[in-house]
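Scroll down for the structure; my scribbles are underneath it.
In this chain, residues are counted from 1 in sequence order.
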Amino acid sequence: MKPFGFLHLKGISGQIAALVLASTVALHLVVTAAFLISRPDRPDGPPDGARQLTDAALLLGAAEPGERPRLVTDLARAFPGLGIEMLAPGTAIVEKSDGPHLYGMRRHLGRGFKAVQLASDGNTRRVGVQLPDGTVIAGHVEGAPRPWFWGGPWLTALMSAFICVTVLGLWAARALTRPLSSFAKAAENFSLDGTAEPLPERGPEEIRSVARALNRMHERIARLMSDRTRMLAAISHDLRTPITRLRLRAEFIEDEGNRKRMLIDLDQMRAMLESVLSLLRNDRKIEAVTLVDIASTLQLVADQFGDMGHVVHYDGPVSATAVARPDDLHRGVTNLVENAVRFGAEVTIRLEVSDTTLVIDVEDDGPGISDARKQEMLEPFVRGDDARTMDESTGFGLGLSIAHAIALAHGGELSLHDRTPHGLIVRMQLPVSQAPRLAA
């Protein structure tokens with residue numbers, strides 16, 4: 001049995017607590033390292049010139065006033081770069097601003113001594129130490145004390161905390177949101193053909209639980225759709241036998257009118273079964289994509305309907321090659337043209353190709369469809385309005401649905417538009433996975 005603490009750290013709350021702890025530890029490590037590098041508590045904090053001037057001022061402050069000139073002369077010879085001199089009380093010009101080097105000097109001076117900033121002399125800093133009796137010991141100080149990073153412990157701590165929390169926070173946010181992005185991508189690419197990879201079950205325990213649940217849901221939906229397709233395929237297979245027997249028996253009906261009507265009904269039943277199975281099969285992307293000459297496919301569909309006595313024209317380039325599923329595309333366009341010739345006298349198949357999109361328009365001069373029902377017509381088993389009522393020559397409301405499913409399977413879309421002055425335009429827009437090659 002795993003310990004409770006280990007299980008808790010596998011969740012989001014435990015990881016956030018670990019993030020806060022890691023940020024605190026990192027902050028303390030940075031502050032400790034900065035302190036050990038700078039060591040502001042050391043007595044030798046001031047630079048060499050400031051330390052020498054501080055020691056000289058302490059020595060002169062302890063000496064008798066009469067001995068100070070001699071000591072100043074000796075100190076000037078010992079430290080020629082310091083330029084030490086003694087100024088009488090009230091003669092030193094003190095600036096209001098303090099240099100950073102004065103903080104270390106004041107920490108080493110005793111009571112009664114005062115470090116002051118004097119007027120600068122060139123590039124060197126001229127500072128002085130005021131003795132208890134008002135005498136000022138002046139000298140030139142080069143350099144400055146080593147600052148503790150950015151000006152002090154508090155600012156260093158704040159900057160370190162900001163950097164640690166920001167870096168760790170960005171890392172944690174990316175680690176926690178990456179699975180959510182994969183969930184959104186999986187939902188967009190959801191399919192039933194088995195090509196989609198299962199969601200990776202990694203990250204906090206809550207994220208892994210969601211990933212496992214989504215993977216199981218995908219498996220259940222795929223299994224349900226597969227069972228539905230097999231069931232309806234079995235029903236269709238079983239119904240074909242009695243339909244065939246009924247056709248044979250109908251041939252023995254003496255009444256010509258009744259025999260003809262019965263044969264028409266049987267043909268409609270068979271066509272309905274085939275249409276339903278075609279719609280169900282298209283829900284699953286069984287056919288592989290390949291390089292297809294779209295223009296030749298559309299021209300072939302137009303010629304097939306022309307051979308049956310319909311007026312169908314093709315308007316587009318002679319050749320337009322793109323990646324698609326050839327049989328699905330042929331079936332989808334055939335359904336659109338079959339629907340168009342049923343309600344129009346003349347049909348035009350129009351093809352337009354750009355660098356990224358392939359547009360197939362099937363135009364007819366029929367009565368058209370009202371705007372209120374255009375979206376509804378894309379649903380299965382939905383037929384048109386009163387101008388497109390069903391009789392023995394009409395379909396079952398599956399042609400547009402199958403074409404719509406084929407367009408979606410290609411990553412495109414199907415839409416209905418009005419044609420001027422009357423009629424309908426069914427537009428199938430497909431993405432071009434490969435740059436098309438056109439021929440005039």
Side-chain angles (χ1 to χ4, degrees), residues 236 243 260-282 294 297-316 327-351 359-408 412-430:
S236 174
I243 289 177
K260 185 176 181 180
R261 285 192 293 271
M262 182 173 289
L263 292 175
I264 290 176
D265 292 339
L266 292 173
D267 289 338
Q268 282 192 339
M269 291 174 62
R270 181 182 54 80
M272 180 179 293
L273 289 174
E274 296 295 335
S275 298
V276 171
L277 288 177
S278 177
L279 176 64
L280 294 176
R281 284 194 300 266
N282 198 73
I294 308 297
T297 300
L298 301 182
Q299 184 66 60
L300 176 62
V301 173
D303 294 340
Q304 289 174 344
F305 279 90
D307 294 340
M308 292 186 293
H310 301 289
V311 182
V312 179
H313 307 286
Y314 168 72
D315 182 11
D327 293 341
D328 286 351
L329 185 63
H330 184 276
R331 182 167 65 252
V333 177
T334 299
N335 288 344
L336 297 181
V337 177
E338 184 178 19
N339 191 70
V341 299
R342 185 176 294 123
F343 304 105
E346 186 174 352
V347 177
T348 301
I349 306 175
R350 203 178 308 277
L351 173 63
V359 180
I360 301 174
D361 285 346
V362 178
E363 305 178 5
D364 66 66
D365 56 355
I369 298 176
S370 62
D371 293 337
R373 302 205 62 191
K374 281 187 172 62
Q375 189 62 33
E376 181 185 1
M377 288 297 299
L378 300 180
E379 299 296 329
F381 303 104
V382 177
R383 302 180 183 90
D385 52 17
D386 296 338
R388 297 191 172 205
T389 56
M390 178 182 176
D391 54 28
E392 59 272 9
S393 64
T394 62
F396 311 102
L398 292 175
L400 289 177
S401 301
I402 294 174
H404 186 215
I406 292 174
L408 294 178
E413 60 180 8
L414 188 77
S415 56
L416 307 181
H417 306 273
D418 292 330
R419 178 180 178 272
T420 304
H422 58 82
L424 182 69
I425 300 176
V426 183
R427 178 165 298 162
M428 180 184 291
Q429 290 182 300
L430 306 177

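- Scored by the side chain to side chain donor-acceptor pair (under 3.5 Å) test, H422 finds no partners at all (sequence neighbours excluded).
- Across M428 and L329, no two heavy atoms sit closer than the pair SD-CD1, 4.1 Å.
- Side-chain contact between L300 and H330 is present, with at least one heavy-atom pair separated by less than 4.5 Å.
- Looking at every heavy atom in both residues, P367 comes nearest to F343 through CD-O, 3.5 Å.
- The 12-atom threshold is exceeded at CD of Q304, counting heavy atoms of other residues, nucleotides or ligands nearer than 6.0 Å.
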Checking side-chain contact (heavy atoms from CB on, under 4.5 Å) for the pair L408/L414: CA distance, chi angles, key distance, verdict? CA-CA 8 Å; L408 294 178; L414 188 77; over 6 Å; no
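- The shortest side-chain heavy-atom distance between T348 and V362 does not fall under the 4.5 Å cut-off.
- Annotation: side chain of I349 is in contact with side chain of V312 (closest heavy-atom distance under 4.5 Å).
- The side chain to side chain donor-acceptor pair (under 3.5 Å) test with D361 is passed by exactly one of R350, R427, R419: R427.
- Residue D315 holds its CG atom at 8.5 Å from CD of E363, rounded to the nearest 0.5 Å.
- Taking every heavy atom of both residues into account, D328 and I406 meet most closely at O-CD1, 3.0 Å.
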Test side-chain contact (heavy atoms from CB on, under 4.5 Å) on V426 and L400; report intermediate values, then the result. CA-CA 9 Å; V426 183; L400 289 177; 4.2 Å; yes
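- A donor atom on one side chain and an acceptor atom on the other are not found under 3.5 Å apart for H310 and E346.
- Contact between D364 and V347 at its shortest, heavy atoms only, is CB-CG2, 4.2 Å.
- Once rounded to the nearest 0.5 Å, the distance linking CG of L298 with NE2 of H313 reads 15.0 Å.
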Checking side-chain contact (heavy atoms from CB on, under 4.5 Å) for the pair L351/Y314: CA distance, chi angles, key distance, verdict? CA-CA 8 Å; L351 173 63; Y314 168 72; 3.5 Å; yes
Go through it in stages, so that I can follow the logic: the residues are L416 and I425, the test is side-chain contact (heavy atoms from CB on, under 4.5 Å), and I'd like the CA-CA distance, side-chain angles, deciding distance and then a yes or no. CA-CA 6 Å; L416 307 181; I425 300 176; over 6 Å; no
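- T334 contributes atom OG1, which lies 12.5 Å from atom CG of N339 (distance to the nearest 0.5 angstrom).
- With sequence neighbours excluded, no residue satisfies side chain to side chain donor-acceptor pair (under 3.5 Å) with D307.
- With respect to D418 and K374, a salt bridge is recorded, a charged nitrogen being found less than 4.0 Å from a carboxylate O.
- The line from CD1 of I243 to CG of D265 is 11.0 Å long, rounded to the nearest 0.5 Å.
- When atom types are taken as modelled, the side chain of D365 and the backbone of A345 share a donor-acceptor pair closer than 3.5 angstrom.
- The nearest pair of heavy atoms linking L336 to A403 is CD2-CB, 3.6 Å.
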